[in-house]
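Throughout, protein chains are lettered first and strands after them, A, B, ... in sequence-line order, and every chain is numbered starting at 1. The analysis underlying the following values was restricted to heavy atoms, covering all of them including side chains, and did not include hydrogens, waters or symmetry mates.
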Amino acid sequence: MTGRRAFLRGALAAGATGAAGLGEPVPAGSAARPARGFHGEHQAGVLEEPARRTAVAAFDVIAGDRRELTDLMRALTERARALTSGGAPDEPGIAGPPADSGVLGPDVPGGGLLVTVGVGASLFDGRFGPAARRPPGLVRMPVFPDDDLDPAWCHGDLSVQLSAPDEDTVLHALRDITRHTRGAAQPRWRIGGFSAPPRPDGAPRNLLGFKDGTANPDPSDAREMDRLVWIGGRDPAAGGTYAAIRLIRMLVEFWDRVGLPEQERMFGRRRDTGAPLDGVHERDEPRYAEDPAGAVIPLTSHIRRANPRTAEASGRRILRRAFNYDRGMDGAGELDMGMIFTSYQRDLRAQFEAVQRRLAGEPLTDYVSPFGGGYFLVLPGVRDAADFLGRGLIT
Amino acid sequence: MRVSSIVVGAVVLLAASGDVVPGGAAPQRRVIDAAAGRCGAGWTAGRAGRRTLLVGNSGAAVAEVTLVDAATGAVHAEVEGLAPGTVRPVRVRLGAGAYRFRCAVEDAVDPVAGPVVRVVGPGRGGPAVVPVGESDLYGPARSYRAYVTGGLGRLASRTERLRDAVHRRDRAAARAAWTPAHLAYARLGAAYGAFGDLADAVDGLPAGLPGGAGDPGFTGFHRLERGLWRGEPMAGLAPVADRLARDVRALRAAFRDERVDPADLPLRAHEILEDTLRVELTGAADQGSGTALRTVAAHLEGTREVVGVLRPVLRPRFPALAEVDAWMDRLDALLRGRSSLGALAREERGRLNGTVGRLVELLASVATIAQPRRTR
């Protein structure tokens with residue numbers, strides 16, 4: 001059974017590869033979509049497979065009043081539109097320094113850049129209007145039992161994620177956005193990340209050496225995304241989604257001193273293939289019903305806790321988008337690297353926090369340490385040239 | 001080779017000169033001459049919008065060329081130091097109107113005006129600025145000189161008071177005298193370009209010294225600050241105070257013979273606060289006194305003075321001048337009654353950083369707008 005499914009998948013994967021013509025296997029469920037335009041019901045950067053490079057930044061809004069906040073959101077929208085569309089920068093003549101940093105050459109190439117903007121609960125603390133305007137689903141990220149949060153790396157009024165195939169594209173966009181929002185939004189924390197290419201195939205690996213994101217719902221399944229990810233109905237935030245961003249240090253040196261069987265039992269997957277410990281291939285479904293005592297896939301393993309494959313859990317799945325980060329070393333000379341975990345869902349409590357509760361105390365927590373992040377409402381998409389991010393919701 | 005006569009040959013010439021025409025707006029194939037004798041030759045008509053004009057120098061001398069509004073003289077684009085035989089793509093955004101090139105041999109007095117060219121079609125033009133002449137800056141430079149001279153006088157007398165307190169080995173009095181003396185210096189910030197090595201001697205930090213804070217080359221206000229606030233014996237600080245007082249006197253004497261370069265003034269508008277961001281707001285400067293925010297306020301005063309003396313020049317040319325004033329007031333309000341950076345809450349510090357950041361973004365344009373240029 002397993003082998004047959006694998007054969008079919010192989011054929012599909014080969015087809016996809018042929019179509020893309022890149023010689024890189026495309027993970028199942030990520031049929032190459034044409035590059036989308038800037039305008040749309042949803043923002044970009046949620047459903048797309050993680051780009052190779054990313055930067056996640058949180059900002060404090062220091063705008064003086066609601067009018068200035070509106071100006072900020074317009075500026076942010078205008079820059080996101082310009083940066084993703086590309087083109088020639090404005091010519092200042094002798095009226096000022098160059099309008100563009102020039103990092104991407106004289107003309108900004110369009111495409112490839114994804115800009116995703118969110119707002120945090122703190123934006124609705126009364127500074128810019130009645131606190132009652134806060135969407136009820138938008139709350140401040142709590143402290144979870146295994147966390148070791150550093151306030152300098154947590155929360156924020158705004159989140160901006162910039163993703164692109166190349167680092168220079170990401171940093172160009174970051175410089176452009178901070179330049180155009182200075183005085184209205186001040187960077188609070190930021191972190192750069194990357195997504196690994198398939199090694200050698202399937203979901204990209206995290207820095208513990210394991211494939212990550214294999215069990216994601218299919219982002220090309222619009223009904224599934226409406227059910228799990230996008231806020232819908234008459235909610236003023238319809239078209240948006242809630243993001244849980246978690247900055248998770250991985251104690252990689254400690255991890256590297258752990259025997260492979262123990263590593264694999266913690267995850268519940270094989271390190272080499274990514275297959276569940278009762279399977280052969282990465283995308284084989286674990287059969288928990290046949291293993292009620294966790295003899296093969298321990299009950300405390302990450303994949304079993306995160307997604308027990310019950311009917312109830314199925315409706316509460318999250319869309320996870322993980323990037324690896326590397327930020328030097330700590331005071332003891334240990335390498336500081338880990339994961340920028342982002343999950344998207346309609347309901348933070350029912351989805352992300354439910355997973356988080358199930359994961360509490362899992363053996364893996366000895367090797368990872370969440371130190372930052374926050375909850376953000378990824379704003380609905382910008383509909384047209386007259387629309388702007390957060391219009392009607394926060395302005 | 002006469003570039004102006006070559007139409008198709010533009011590509012050849014470009015290849016020869018090693019220049020590359022960037023993509024985007026399609027470059028006009030014809031090269032426009034910047035040589036004084038043939039100024040503007042090759043440009044006869046244009047359409048509004050974003051354009052990349054190829055400007056080449058067929059002459060034998062280095063050329064300076066500007067593209068100006070024929071009626072107002074406002075500059076749309078400028079190429080300095082165009083070597084003979086080279087072509088440079090110049091990106092402009094032109095609205096409908098009448099334009100001409102002005103060409104000059106570098107360092108020669110009078111530029112030559114090219115023929116007036118009509119640009120037609122829809123589309124707004126980019127910003128253009130009526131150039132500021134060096135003589136327009138004489139008045140501001142004179143006013144600024146008077147400001148610095150007055151400030152140096154205050155600095156000298158306050159530094160004497162500080163030195164006396166150190167000699168009396170009265171730490172409390174010395175600390176009390178240190179801050180006003182240092183602020184008197186900080187208000188002059190804009191003049192650091194004119195102060196040369198004495199600036200480092202008076203207000204330098206340990207950065208760049210092989211021995212760091214213990215380096216004998218670490219002198220001046222911050223060296224004294226370190227000693228006064230970190231409990232160094234007062235006796236050991238007397239030579240430091242003497243040296244500071246001596247350097248301040250030397251500074252004052254040197255400035256009497258120093259001319260304030262009018263071309264420096266527009267640069268100072270944002271450079272003072274650039275330094276503030278880099279040195280004060282990062283906390284790098286504080287050696288113990290906890291007065292970084294008072295220093296920032298003094299830098300703001302210095303910036304206000306520069307903007308103030310340049311105001312007549314900026315008013316007709318710099319649309320963001322009122323915005324600059326508003327942001328300077330905002331910064332002033334944030335700093336009032338504040339002294340120590342460490343006492344600020346995180347959000348307050350972010351607001352302060354962002355406010356200074358916004359100001360330097362706005363003030364950066366003063367440097368390009370008010371840079372002295374030929375005015376005719």
A.B. asks: Applying a criterion of heavy atom separation less than 4.5 Å, what residues of residues 154-172 of chain A form contacts with chain B?
C.D. replies: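 Not one residue of residues 154-172 of chain A has a heavy atom under 4.5 Å from chain B.
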A.B. asks: Quick check against the 3.5 Å criterion: does Arg134(A) have a side-chain atom that pairs as donor or acceptor with the backbone of Leu138(A)?
C.D. replies: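 It does hold such a pair.
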A.B. asks: With a 4.5 angstrom heavy-atom cut-off, is it the side chain or the backbone of Val129(B) that approaches chain A, or both, or neither?
C.D. replies: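 Contact with chain A involves both backbone and side-chain atoms of Val129(B).
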A.B. asks: Measuring heavy-atom distances to chain A, does Gln371(B) have an atom under 4.5 Å in its side chain, in its backbone, in both, or in neither?
C.D. replies: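 Neither part, no heavy atoms under 4.5 Å.
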A.B. asks: Minimum heavy-atom separation for Tyr242(A) and Leu348(A), please, with both atom names.
C.D. replies: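 Shortest heavy-atom contact: CB-CG, 3.6 Å.
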A.B. asks: Using a 4.5 Å cut-off on heavy atoms from C-beta on, say whether the side chain of Arg346(B) contacts that of Arg188(A).
C.D. replies: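 Arg188(A) reaches Arg346(B) side chain to side chain.
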A.B. asks: In a table with atom names and distances, give each donor-acceptor pair under 3.5 Å that connects a side chain of residues 321-328 of chain B to protein atoms at least two apart or in another chain.
C.D. replies:
from, atom 1, to, atom 2, distance (Å)
Glu323(B), OE2, Arg358(B), NH2, 2.4
Asp325(B), OD1, Arg311(B), NH2, 2.9
Asp325(B), OD2, Arg311(B), NH1, 2.9

A.B. asks: I'd like to know if Arg50(B) pairs up with Asp90(A) as an ion pair, taking the criterion as any Lys NZ or Arg NE/NH1/NH2 lying under 4.0 Å from an Asp or Glu carboxylate oxygen.
C.D. replies: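 Salt bridge between Arg50(B) and Asp90(A), a charged N being under 4.0 Å from a carboxylate O: yes.
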A.B. asks: Would you call the rings of Phe101(B) and Trp43(B) parallel, tilted or perpendicular, taking 30° and 60° as the class edges?
C.D. replies: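 Aromatic pair Phe101(B)/Trp43(B) classed perpendicular.
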A.B. asks: In terms of heavy-atom proximity below 4.5 Å to chain B, should Ala63(A) be classed as side chain, backbone, both, or neither?
C.D. replies: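 Contact with chain B is through the backbone of Ala63(A) alone.
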A.B. asks: With chain A as the partner, which of Ala364(B), Ser365(B), Ala128(B), Pro131(B) has the greatest number of non-hydrogen pairs under 4.5 Å?
C.D. replies: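 Max contact count across the listed options: Ser365(B).
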A.B. asks: Who pairs with Arg373(B) by side-chain hydrogen bond (donor to acceptor under 3.5 Å, both in side chains), at least two apart in sequence or on another chain?
C.D. replies: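 For Arg373(B), the residues satisfying side-chain hydrogen bond (donor to acceptor under 3.5 Å, both in side chains) (neighbours in sequence not counted) are Glu78(B).
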A.B. asks: Let's test your reading of the structure: which of Gly86(A), Gly105(A), Ala152(A) forms the most heavy-atom pairs below 4.5 Å with chain B?
C.D. replies: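 Greatest number of close heavy-atom pairs with chain B: Ala152(A).
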A.B. asks: Can you tell me which portion of Pro89(A) sits under 4.5 Å from chain B's heavy atoms? Options are side chain, backbone, both or neither.
C.D. replies: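 Interface part for Pro89(A): both.
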A.B. asks: Can you tell which of Ala77(B), Gly350(B), Ala367(B), Ala370(B) has the highest number of heavy-atom pairs within less than 4.5 Å of chain A?
C.D. replies: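 Sorted descending by pairs with chain A, the first entry is Gly350(B).
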A.B. asks: For the candidates Arg317(B), Arg330(B), Arg93(B), which exhibits the highest count of non-hydrogen atom pairs separated by less than 4.5 Å from chain A?
C.D. replies: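 Of the options given, most contacts go to Arg330(B).
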A.B. asks: Flag this pair as yes if the NZ/CZ of Arg51(B) is under 6.0 angstrom from the six-membered ring centre of Tyr99(B) and inside a 45 degree cone about the axis; otherwise no.
C.D. replies: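 Verdict for Tyr99(B): no cation-pi partner in Arg51(B).
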A.B. asks: Please list all pairs meeting salt bridge (Lys or Arg N to Asp or Glu O under 4.0 Å) that have one or both residues in residues 177-186 of chain A, counting only residues at least two apart or in different chains.
C.D. replies: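 Those involving residues 177-186 of chain A are Arg179(A)-Glu361(B), Arg182(A)-Glu361(B).
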A.B. asks: I'd like to know if the side chain of Thr66(B) reaches the main chain of Val68(B), judged simply by a donor and an acceptor atom lying under 3.5 Å from each other, with no hydrogens or angles considered.
C.D. replies: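 Here the side-chain-to-backbone pair does not exist.
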A.B. asks: Below 4.5 Å from any heavy atom of chain B, which atoms of Gln186(A) appear? Answer side chain, backbone, both or neither.
C.D. replies: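 Answer is side chain: those atoms of Gln186(A) sit under 4.5 Å from chain B.
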